[in-house]
There are 2 protein chains.
Amino acid sequence: MATMTEVARRAGVSISTVSYALTGTRPISAATRDRVLQAMTDLGYQPNALARGLASRRSSILGLLLPLTGRGLGATETAFVTGATAAAREAGYHLMLCPVGADDTDELHALATQRLLDGFLVMEVGLTDGRVDLLRKLDVPFVLIGRTADTEGLACVDIDFERTVEDAVAHLAGLGHRTIAYVNHSRDSLAGGYGPAKRTETAFTAALERHGITGVMVPTEDTAGGGRAAIREARERCPELTGVLVMNENAALGILADLRESGLEVPFDVSVVSMVTSPVVADLASPPLTAMTSPGTAVGAAATRVLLRRLAGDSGEAGEGQGATYEELVPCELEVRGTSGPARTRKPARGRR
Amino acid sequence: MATMTEVARRAGVSISTVSYALTGTRPISAATRDRVLQAMTDLGYQPNALARGLASRRSSILGLLLPLTGRGLGATETAFVTGATAAAREAGYHLMLCPVGADDTDELHALATQRLLDGFLVMEVGLTDGRVDLLRKLDVPFVLIGRTADTEGLACVDIDFERTVEDAVAHLAGLGHRTIAYVNHSRDSLAGGYGPAKRTETAFTAALERHGITGVMVPTEDTAGGGRAAIREARERCPELTGVLVMNENAALGILADLRESGLEVPFDVSVVSMVTSPVVADLASPPLTAMTSPGTAVGAAATRVLLRRLAGDSGEAGEGQGATYEELVPCELEVRGTSGPARTRKPARGRR
DNA sequence: TTGAAAGCGCTAACAT
DNA sequence: ATGTTAGCGCTTTCAA
């Protein structure tokens, strides 16, 4: 609880010298620096973060905006958080969790004008998002983890859903699959303009075309039950289907269970590839899921670094606004495990169903 | 970015009146209060959190200490975090994520003496934990999410592992199971003094005795593969086993898969109960797991409330230290799903294995 | 290379 | 019921 004044007195220098010794903002002779450092050690001095923030107008705290719905965070979202936290810490910043949903604009307005946070990371971004408009209006530095529909003038770091779908479809097509289903997020997500749902839908259609194969998209709930329902619907609509791409981990497990109970063997009769999946969950399934591994931690860390870069650059000319458009997309990596294999060439015996 | 001075001028009052109008720390006439409030609205005033914190010596920020290992957070840990965040927000506090492991004492020392945080929530507590000793020495308010071996003089909120094991064993015993296995965390966790592992081990033995039944404990890795290995070992050591209690969700799924592949039917031949499990994961399994549902969010929120209570009370007499011993244990609730049923009364046909 | 001093925006005595 | 004022502990001009 020693203050800078006490350190200064003990070191026999002025208080500003102590400050400069601490921040390195101006040159100090080696001798004085040593005396100051010694005094700090002697007194167990730690700078008061609040005082420092008030005087310097920088708190070194980042806000992470995430809606805290009842359902809790999935593995990928959690990885965003931990990745961001670690990256912030590494740069000498702190990260504050701010439970702020897309429509809590008042709450966000208060947060952003309180001067407690140097900038924001925005999670669970919708194709249009009130938080984005507000932060832009307030001229506060921020970076999206995700993307709005129009990213003009924004900084975003996101999973490369388009490329991930493309890679997954390529994997299946390469194995000889000619008809595949895409089990997407729920109809509500789609209608609500949830970015990943929309983007993968578009990308799936494009990928089918590119590979000259056919398929169906089935939206469903993010649960095992949803997966079961979806695979049934898909097989009904496309009896010749041999490959399934599934957006949601929970649904993926439901699909495997349903196929097994229907007497179909994975990957012999049907191949299943899970999108944006954590290795832990992939290994839960049996056989373990072939999956596009979610780069959650990497995305969280990258977003943080982008934000920090902007904070650093910001000190330049004023009126520059948020800086230029920036988009960084990280694809999921294909990890082949036990649920994908060559397409069967003959129809399954009728009795197997 | 208006300041209090500007608000005061506009309202035609002194700056302290504005402050009191804001904090309600002393009575204000309705008339002036209205004028002040109006001025605030007109100017879009928001108090500067840093200045307020510096002057009042309270930041209204709580720190959540959690080791950020490479493996990421499980569902229960994530629920601790979200529960704590929500509870803090509700009380007008913020929550900062601090990646501080049990041995990062220097880091914690700096954090705690920086005066940025009003108090700490400590996660992933070991039976002995350097962070606890340090925080106690520093006389900083803190509450554990978890428990050390000796909780004397500490405030802890934890899952009631003892009771959870007891309830789970009672469930199985009530279904007629006479021989059950407990698949615990890994041998390393046990050796490392990981609280939940140790506590459940003890409780399991006690519960067996109380119900007059027999069983074995098998430690294993927190993975599906670990579960498979464990169930094999358990069945080898105890061929007559009909019930399994399993600590880890991942292992639980592995156990189910292995049993299925061994030709055993769940719950007809063997019942499986999963400890400290999230409903989402329970529903992933097929059949869905009978589980002791983790009260993660509730524990996180409760711990936060305890900490806030201590912060409020703390303003009383000085030198009181951390306050009295406090222990709040929240049991997991049994949710019977598809993996538990009456014990089979005849031996399984030899060929079925 | 160093020091003096003016704030940063607010809270909380101490007055009245 | 309201005003005056001395800090909170630091950063950062401005001088030397």
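Here is how names work: the chains are called A, B, and so on, in the same order as the sequence lines, proteins then strands, and each is numbered from 1.
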> Starting at the 5' end of DNA chain D, which residue's closest nucleotide do you reach first, M4(A) or R33(B)?
Replying inline: R33(B)
>> Base, sugar-phosphate or nothing for V13(A)? Non-hydrogen atoms, less than 4.0 Å.
In response: sugar-phosphate
>> Below the 4.0 Å mark, does dT2(C) have OP1 or OP2 next to a side-chain nitrogen or oxygen of T32(A)?
In response: yes
>> Any N or O donor-acceptor pair under 3.5 Å from the base of dT2(D) to the side chain of R26(B)?
In response: yes
> Which nucleotide in the list dG9(D), dG9(C), dT11(C) gets nearest to the side chain of A51(B)?
Replying inline: dG9(C)
> Which is it for T82(A) and T85(A) under the side-chain hydrogen bond (donor to acceptor under 3.5 Å, both in side chains) test, yes or no, and what are the steps along the way?
Replying inline: CA-CA 5 Å; T82(A) 56; T85(A) 306; over 6 Å; no
> Between dC10(C), dG3(D), dG9(D), which one does the side chain of T3(A) approach most closely?
Replying inline: dG9(D)
> Does T5(A) place a side-chain N or O at less than 4.0 Å from the phosphate oxygens OP1/OP2 of dC10(D)?
Replying inline: no
> In whole Å, what is the span from the CZ atom of R35(A) to the C1' atom of dT1(C)?
Replying inline: 12 Å
> Is there side-chain contact between N48(A) and Q114(B), with heavy atoms separated by less than 4.5 Å?
Replying inline: no
>> Would you say R52(A) places a side-chain N or O within less than 4.0 Å of OP1 or OP2 belonging to dT11(D)?
In response: yes
> Which is true for I28(B) with a 4.0 Å heavy-atom rule: it touches a base, it touches only sugar-phosphate, or it touches nothing?
Replying inline: sugar-phosphate
> What nucleotide among dC10(C), dT11(D), dT11(C) has an atom nearest to a side-chain atom of P47(B)?
Replying inline: dC10(C)
>> Any side-chain N or O of R57(A) below 4.0 angstrom from OP1/OP2 of dC8(C)?
In response: no
> dT4(D) base to S16(B) side chain: any donor-acceptor pair below 3.5 Å?
Replying inline: yes
> Looking at L62(A), L95(A), V140(A), L111(A), which one forms a side chain to side chain contact (heavy atoms under 4.5 Å, CB included) with L117(A)?
Replying inline: L111(A)
>> What is the separation between atom CG on D34(B) and atom P on dA1(D), rounded to the nearest whole Å?
In response: 14 Å
>> With a 4.0 Å cutoff (strictly under), does any side-chain N or O of S19(A) reach OP1 or OP2 of dT11(D)?
In response: yes
>> Check whether T148(B) reaches the backbone of L127(B) with its side chain - one donor and one acceptor, N or O, closer than 3.5 Å.
In response: no
>> Whether S14(B) contacts dG3(D) is assessed here as follows: a side-chain N or O lying under 4.0 Å from the phosphate OP1 or OP2. Is that the case?
In response: yes
> Would you say T151(B)'s side chain and R147(B)'s backbone share a donor-acceptor pair under 3.5 angstrom?
Replying inline: no
> Does L22(A) or G12(B) map to a spot on DNA chain D nearer the 5' end, using the closest nucleotide for each?
Replying inline: G12(B)
> Given atom CZ of R58(A) and atom C1' of dC10(D), what is their separation to the nearest angstrom?
Replying inline: 13 Å
>> Side chain of I15(A), heavy atoms from C-beta onward: which of dG9(C), dG3(D), dC10(D) has the nearest atom to it?
In response: dC10(D)
> Does the base of dA12(C) carry an N or O that pairs as donor and acceptor with the side chain of Y20(B) under 3.5 Å?
Replying inline: yes
>> I need the CG-C1' distance between L54(B) and dG7(C), as an integer number of Å.
In response: 12 Å
>> Before you tell me yes or no, could you show the steps for Q38(A) and D42(A) under side-chain hydrogen bond (donor to acceptor under 3.5 Å, both in side chains), namely the whole-Å CA-CA distance, both residues' side-chain angles and the distance that decides it to 0.1 Å?
In response: CA-CA 6 Å; Q38(A) 185 58 52; D42(A) 293 350; 2.7 Å; yes
>> Expressed as a whole number of angstroms, how long is the span from Q46(B):CD to dC8(C):C1'?
In response: 18 Å
